[in-house]
Amino acid sequence: MVTKPRLYSGMQPSADSLQIGNYIGALMQWRDLQQTYDAFFSVVDLHALTQPNDPAELRAKTRRTAAQYIAAGIEPSRSTLYVQSHVRAHAELAWILSTLTGFGEAGRMTQFKDKSQRYGAEATSVGLFTYPVLMAADILLYQTDIVPVGDDQKQHVELTRTLAERFNARYGETFHVPMPVIQQDTARIYDLQNPTSKMSKSAESDAGVLWLLDDPKVSAKKIMRAVTDSEGSVRYDRENKPGVSNLLVIYAALTGRQIPAIEDEYAGRGYGDFKKGLAEVVVAEFGPVRERALELLDDPAELDRVLATNAARADAVADRTLADVYDKMGLLRRV
Ligand code: ATP
Ligand code: LTN
């Protein structure tokens with residue numbers, strides 16, 4: 001039997017709906033990659049605890065995120081799609097790896113530096129500091145070959161590689177050293193109202209965010225109101241026309257067409273026409289995804305069963321790695 005190389009990725013359940021940047025930048029790639037990789041996709045709820053959460057809302061967001069993975073085409077019978085906290089080994093390996101991580105090393109993570117500066121020292125938890133160590137545990141438990149992530153996570157995957165190499169050097173070959181696969185710039189989506197900042201689940205204003213679970217009419221309206229410029233020609237120019245360029249990237253990503261072909265199609269026509277065209281594309285793509293997600297959420301018991309079956313599959317792999325780690329480090333076996 002030829003075994004497929006392994007892939008790991010995840011997203012935080014930090015909002016009720018994913019936004020189309022998550023879809024174009026991550027889910028569309030995950031969907032393709034699951035054909036050729038033995039893929040593990042988690043909803044990283046333990047990571048989400050590094051932000052304040054209402055317990056009932058966190059539970060709901062976790063289910064909603066999982067439902068959107070499936071609705072977007074992640075197949076839970078092919079890929080292992082599960083909730084991070086269902087697999088105990090994550091928290092356990094995170095502890096182990098934290099004993100191998102330097103204080104200064106963790107302090108150099110730019111995401112931690114940014115966030116802790118924003119919140120202030122008193123409002124910054126130790127959990128936020130060790131966030132990348134938990135992420136390393138996620139990846140290393142599954143002997144992962146590749147980790148598709150956005151550019152902002154590259155440093156965390158580098159730390160993961162360092163920790164794997166350090167462990168292997170100290171205790172003998174144990175972890176597979178994973179490779180990051182960084183999403184291309186062309187897959188980066190910006191806020192419709194503020195097209196120089198990345199579209200994000202936790203944006204302050206909702207006007208520039210296209211949510212996967214928005215009513216299609218709302219999405220169409222947001223596109224019609226997207227910020228453009230006064231030139232009036234549909235042309236890709238990231239520097240001088242960030243708004244129009246962003247809309248072109250979304251159009252191209254969802255249709256699989258090349259940007260020049262779309263520019264040609266709309267040559268000599270105004271932004272109104274172009275936006276109408278894009279709104280149709282967006283509604284056609286997300287209408288069915290939204291319906292499928294809502295259908296899945298209508299039967300939470302069935303969704304929970306699927307997640308439990310997948311967590312059991314993840315457990316089997318993760319427990320094996322963890323047992324090996326405990327042994328190698330000299331933790332006494334419980335008989
Ligand atoms: P948050 O605001 O909670 O940080 P986010 O929407 O920025 O959330 P993440 O949870 O950090 O998204 O990322 C999940 C995945 O989606 C990652 O692979 C990330 O690269 C991708 N992603 C997020 N936003 C975008 C975007 N605007 N364009 C392309 N890809 C994105
Ligand atoms: N930190 C990541 C989410 C994440 C992840 C992972 C991604 C947690 N564990 C393991 C890839 C592999 C983020 O914020 N996008």
Side-chain angles (χ1 to χ4, degrees), residues 6-31 33 39-53 58 61 65 68-69 72 74 82-85 87 90-91 93-94 97 109-112 114-115 118 127-128 130-142 144-161 178-192 194-206 208-212 242 246 249-250 253-254 314 318:
R6 193 158 280 163
L7 175 157
Y8 195 97
S9 201
M11 274 188 224
Q12 292 192 55
S14 48
D16 280 333
S17 173
L18 299 179
Q19 40 92 5
I20 68 157
N22 301 134
Y23 183 84
I24 292 172
L27 288 172
M28 282 175 73
Q29 280 145 46
W30 294 4
R31 185 169 68 199
L33 290 164
F40 284 69
F41 299 114
S42 59
V43 178
V44 292
D45 55 346
L46 295 173
H47 278 110
L49 295 177
T50 57
Q51 304 286 336
N53 273 291
L58 176 60
K61 286 173 182 171
T65 303
Q68 289 170 88
Y69 282 10
I74 304 301
Y82 70 101
V83 174
Q84 184 190 31
S85 65
V87 177
H90 289 255
L93 183 62
L97 294 177
M109 295 293 115
T110 52
Q111 188 167 329
F112 172 74
D114 290 350
K115 288 196 178 173
R118 235 181 300 142
L128 194 66
T130 56
Y131 179 112
V133 178
L134 177 59
M135 181 163 161
D138 298 344
I139 297 166
L140 297 180
L141 277 174
Y142 299 93
T144 301
D145 294 291
I146 70 158
V147 186
V149 281
D151 201 36
D152 60 327
Q153 299 299 312
K154 188 170 175 213
Q155 198 185 24
H156 293 165
V157 182
E158 292 301 334
L159 176 69
T160 304
R161 289 171 56 85
M179 289 293 298
V181 172
I182 306 302
Q183 96 200 9
Q184 322 87 320
D185 271 354
T186 47
R188 176 160 289 220
I189 308 303
Y190 294 84
D191 190 285
L192 300 187
N194 187 7
T196 49
S197 47
K198 183 177 101 89
M199 192 181 282
S200 147
K201 279 189 247 112
S202 45
E204 267 162 37
S205 153
D206 155 85
V209 181
L210 290 175
W211 300 106
L212 235 57
N246 187 38
V249 168
I250 298 173
L254 296 182

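Ligands are counted one by one from 1 in listed order, and the atoms in each one are counted from 1 as well. One-based numbering along the sequence shown. Treat the numbers as computed from the prediction; the structure is a model and nothing was measured.
Residue, atom and distance of the protein heavy atom nearest to atom 14 (O) of ligand 2 are Tyr131 OH, 3.1 Å. Considering only non-hydrogen protein atoms, atom 9 (N) of ligand 2 sits nearest to Asp138 OD2, 2.7 Å. In this structure, the protein non-hydrogen atom closest to atom 3 (C) of ligand 2 is Gly10 O, 3.5 Å.
For ligand 1 and Ser202, the ligand atoms under 4.0 Å from any heavy atom of the residue are 1 (P), 2 (O), 3 (O). Near Ser9, the atoms of ligand 2 lying under 4.0 angstrom from a non-hydrogen atom of the residue are 11 (C), 12 (C). The atoms of ligand 1 that sit less than 4.0 Å from any heavy atom of Arg188 are 28 (N), 29 (C). Every atom of ligand 1 is numbered from 1 in the order shown, and the set under 4.0 Å from a heavy atom of Met11 is 14 (C), 15 (C). Of all atoms in ligand 1, listed by their number and element, those nearer than 4.0 Å to a heavy atom of Ala26 are 15 (C), 16 (O), 18 (O). Remark: ligand 1 atoms within the under-4.0 Å shell around heavy atoms of Gly150 are 18 (O), 20 (O). Counting atoms of ligand 1 from 1 in the listed order, those under 4.0 Å from a heavy atom of Ser14 are 3 (O). Residue Val44 has at least one heavy-atom neighbour below 4.0 Å for each of these atoms of ligand 2: 8 (C), 9 (N). Short contacts between ligand 2 and Val149, defined as distances under 4.0 Å to a heavy atom of the residue, involve ligand atoms 7 (C), 11 (C). Set against the non-hydrogen atoms of Val147, the atoms of ligand 2 under 4.0 Å away are 11 (C), 12 (C).
Taking CD of Gln12 as the reference point, atom CG of Asn53 lies at 9.0 Å (rounded to 0.5 Å). Trp30 contributes atom CH2, which lies 13.0 Å from atom OH of Tyr23 (distance to the nearest 0.5 angstrom). Lys61 NZ to Ser14 OG: the interatomic distance, rounded to the nearest 0.5 Å, is 7.5 Å.
The shortest N or O to N or O distance between Tyr8 and ligand 2 is not under 3.5 Å. Between Gly21 and ligand 1, a contact under 3.5 Å exists for at least one N or O pair. For a threshold of 3.5 Å applied to N or O pairs, the pair formed by Pro148 and ligand 1 contains no separation below that value. Looking at ligand 1, you won't find any N or O of Asp152 less than 3.5 Å from one of its N or O atoms.
Contacts of Gln183 with ligand 1, taken as heavy-atom pairs under 4.0 Å, involve the side chain alone. With a heavy-atom cut-off of 4.0 Å, Lys201 touches ligand 1 through backbone and side chain alike.
Put simply, the side chain of Gln19 gets close to the backbone of Met199: a donor and an acceptor are under 3.5 Å apart. The backbone N or O of Pro195 lies less than 3.5 Å from no partner atom in the side chain of Asn246, so there is not a single donor-acceptor pair.
Residue contacts with ligand 1: Ile24 is excluded, as none of its non-hydrogen atoms falls under 4.0 Å.
Comparing heavy-atom distances from atom 13 (C) of ligand 2 across Met11, Gln153, His156 singles out Gln153 as nearest.
The presence of a protein heavy atom under 4.0 Å from atom 18 (O) of ligand 1 is confirmed.
Taking the six-membered ring where the residue is Trp, Phe40 and Tyr82 present perpendicular rings, their angle passing 60° and hence far from 30°.
Between Leu192 and Ile250, some side-chain heavy-atom pair lies under the 4.5 Å cut-off.
The aromatic ring centres of Phe112 and His156 sit 6.0 Å or more apart.
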